[in-house]
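Structure, as structure tokens:
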2 protein chains.
Amino acid sequence: MKFLEENLLDHLQRPEFADLFSALSPRAYSKGAYLSQPGHGENLIFIMASGRVRVYLGYEEKEFNLGILTKGDIYSTHTRTFVQALEDIEILVTDVATFRRNMVKDPEVTAAMVRVLGNILKTSFSIIDGLVFKDANSRLVALLAGEARKHGVESEAGIKVSTHLSVEQLARLVGSSRQTVSTLLGDLVRAGLLVRSGRGIFIIPDLLLLESVGGVEHS
Amino acid sequence: MKFLEENLLDHLQRPEFADLFSALSPRAYSKGAYLSQPGHGENLIFIMASGRVRVYLGYEEKEFNLGILTKGDIYSTHTRTFVQALEDIEILVTDVATFRRNMVKDPEVTAAMVRVLGNILKTSFSIIDGLVFKDANSRLVALLAGEARKHGVESEAGIKVSTHLSVEQLARLVGSSRQTVSTLLGDLVRAGLLVRSGRGIFIIPDLLLLESVGGVEHS
DNA sequence: TCTGTTTTGTCACCTGGGTGACAGTTTTTA
DNA sequence: TAAAAACTGTCACCCAGGTGACAAAACAGA
């Protein structure tokens with residue numbers, strides 16, 4: 001998740017930023033705690049000092065991960081996202097007014113913001129992609145193909161994808177039901193587009209062929 | 001869409017940025033032309049000099065507006081979004097490497113990027129919100145209520161919303177069909193939650209009541 | 001190897017909503 | 001003001017996919 005080599009924290013600790021740095025007050029959260037939730041809470045800006053937090057959109061039933069924030073990342077508590085500590089963490093907070101007055105002039109700070117926002121934006125596009133494909137089959141195929149492209153291992157029978165996910169988890173990922181995904185996977189296997197070799201392990205003989213099955217909804 | 005008062009263009013034209021400014025080459029596009037489309041094209045950064053462009057996500061059938069860029073806004077051609085000129089426009093372009101080398105150190109530039117990304121991110125959250133509600137009724141109600149909150153005018157019979165949209169356009173916005181939306185609107189009127197007073201004009205007697213009908217899917 | 005637990009495949013059933021069709025209404029245009 | 005075009009409401013029909021149920025299979029311990 002890094003563009004710039006330099007770490008923002010180190011940057012801010014340099015002597016010339018002493019006054020600026022002092023405007024930040026440290027806070028600690030323990031694993032699982034929420035730094036912010038949509039709706040309630042103050043309007044603050046925070047910088048990650050240590051640990052990792054997860055940023056996600058949450059609805060009644062579903063959650064969508066937007067990204068993980070690590071040391072040096074900047075984010076706000078005043079968004080419609082949930083921000084949850086994945087482990088015990090420390091952050092530096094300041095209110096928006098102070099932040100805008102003092103820190104927006106610092107390119108390191110704004111560059112960090114651009115980096116974070118850019119990444120979250122990118123994942124949010126992916127989420128939209130996933131939601132737009134109307135039928136479950138397209139989404140399932142897209143997920144499998146995507147996984148194959150990212151983590152697939154070439155083998156003699158085809159590309160081996162080892163997501164160690166049960167059908168149920170797969171279903172949740174594509175926003176469908178266990179039963180439907182089970183049937184869909186069965187169909188793909190019967191069509192020879194997919195081979196299952198154990199729980200959560202798939203082999204794709206022909207990726208392009210598989211992809212051509214999903215989403216090509218000519219009207 | 002502005003945070004900072006100062007205009008980026010003026011900022012860049014000040015003498016101390018002469019060399020930086022010269023790294024930007026001007027381009028013009030006429031109304032309706034695409035500055036970039038997902039997939040093809042170069043990887044450039046551009047700054048709006050004049051006119052307005054629309055940034056949107058496009059799929060086979062649907063489009064989602066992400067925002068409008070105006071003078072001083074910065075964006076990239078290398079995204080999964082479409083960028084289309086809404087009128088005759090002028091922009092200043094540079095390649096990513098140059099941009100990163102010269103301009104990322106300028107807080108005005110990065111602040112402009114933060115502003116643009118932040119806004120696009122916010123609308124993309126709204127898009128996700130809209131897509132997550134599974135049933136057409138929730139989405140329709142959410143749209144109407146949202147519109148009422150933003151552009152509604154108080155009147156004696158309730159809040160008057162004058163979206164001059166046909167049922168068909170409304171349908172496209174909520175990702176449903178003309179017929180379904182027609183029926184749904186009829187239901188709302190029959191339930192007394194909505195009054196239609198002419199094409200594309202609605203009166204909402206009780207906004208809270210209307211909102212309570214959409215989306216409250218207790219399980 | 002036997003047994004309880006988790007994961008799967010499949011079926012029958014039901015609902016939301018897309019589609020085409022068509023009539024009635026409103027608006028535009030000549 | 002008559003004719004054409006654009007909207008709107010409804011209906012019958014159909015399909016994707018969610019749900020509950022249940023049996024088969026796979027696994028994990030002991």
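Scope of the values below: all heavy atoms of this structure, side chains included, with no hydrogens, waters or symmetry mates. So you know, we letter chains A, B, ... as the sequences are listed, proteins then strands, and number each from 1.
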* Lys134(B) has an atom NZ; how far is it from atom P of dA16(D), in whole Å? -> 16 Å
* Nearest-Å distance for atom pair CG/C1', residues Leu184(B) and dG9(D) -> 13 Å
* Would you please test Ile128(B) and Leu131(A) for side-chain contact (heavy atoms from CB on, under 4.5 Å) and show each step? => CA-CA 8 Å; Ile128(B) 294 176; Leu131(A) 289 168; 4.0 Å; yes
* Given atom CG of Leu165(A) and atom C1' of dT7(C), what is their separation to the nearest angstrom? -> 13 Å
* Asked: Do Gln179(A) and dG9(C) share a donor-acceptor pair, side chain to base, under 3.5 Å?
  -> no
* Asked: Of all the choices, dT8(D), dT19(D), dG18(C), which nucleotide is nearest to the side chain of Thr180(B) once you look at every atom?
  -> dG18(C)
* In whole angstrom, what separates Arg190(A)'s CZ from dT8(C)'s P? -> 16 Å
* Do the side-chain N and O atoms of Glu90(B) and Ser50(B) include a donor-acceptor pair separated by under 3.5 angstrom? -> yes
* To do: Rounded to 10°, tell me the angle between the two end axes of the helix from dT1(C)-dA30(D) to dA30(C)-dT1(D), each built from five pairs.
  => 40°
* Asked: Touch check for Ser182(B), heavy atoms < 4.0 angstrom, all strands: base, sugar-phosphate only, or nothing?
  -> base
* Please give, in whole Å, the distance from dG18(D) P to Leu140(A) CG? -> 12 Å
* Structure fact -> The nucleotide from dG18(C), dC27(D), dT10(D) with an atom nearest the side chain of Arg199(A) is dC27(D)
* Do Arg52(A) and Glu87(A) come within less than 4.5 Å of each other through their side chains, counting heavy atoms only? -> yes
* To do: Using whole Å, report how far CZ of Arg172(B) lies from P of dG18(C).
  => 14 Å
* Structure fact -> When rounded to whole Å, the CD1 to P distance for the pair Ile201(A) and dA26(D) reads 14 Å
* Structure fact -> Out of dA21(C), dT7(C), dG17(C), minimum distance to the side chain of Asp135(B) belongs to dG17(C)
* **Modelled atom types, side-chain donor and acceptor of Thr79(A) and Ser76(A), under 3.5 Å** => no
* To do: Return the nearest nucleotide to the side chain of Ala136(A); candidates are dT10(D), dA21(D), dG17(D).
  => dG17(D)
* Asked: CD of Glu168(A) versus P of dA26(D): gap in Å, rounded?
  -> 19 Å
* Evaluate the side chain to side chain donor-acceptor pair (under 3.5 Å) criterion for residues Asp135(B) and Ser138(B): first the C-alpha distance (whole Å), next the side-chain angles of each, then the deciding distance (0.1 Å), finally the verdict. => CA-CA 6 Å; Asp135(B) 66 316; Ser138(B) 310; 2.5 Å; yes
* Taking only the side-chain heavy atoms of Arg178(B) (C-beta and beyond), determine which of dT8(D), dT19(C), dC11(C) contains the nearest atom. => dT8(D)
* **Verdict with supporting geometry, Tyr56(B) and Phe82(B), ring pair (Phe, Tyr, Trp, His ring centres under 6.0 Å)** => CA-CA 5 Å; Tyr56(B) 67 96; Phe82(B) 291 82; 5.1 Å; yes
* With distance as the sole criterion, is a donor-acceptor pair present between the side chains of Thr81(B) and Tyr75(B) under 3.5 Å? -> yes
* Asked: Just checking Arg139(B): base, sugar-phosphate only, or nothing, at a heavy-atom cut-off of under 4.0 Å?
  -> nothing
* Asked: Between Gly198(A) and Ser177(A), who's closer to the 5' end of DNA chain D by nearest nucleotide?
  -> Ser177(A)
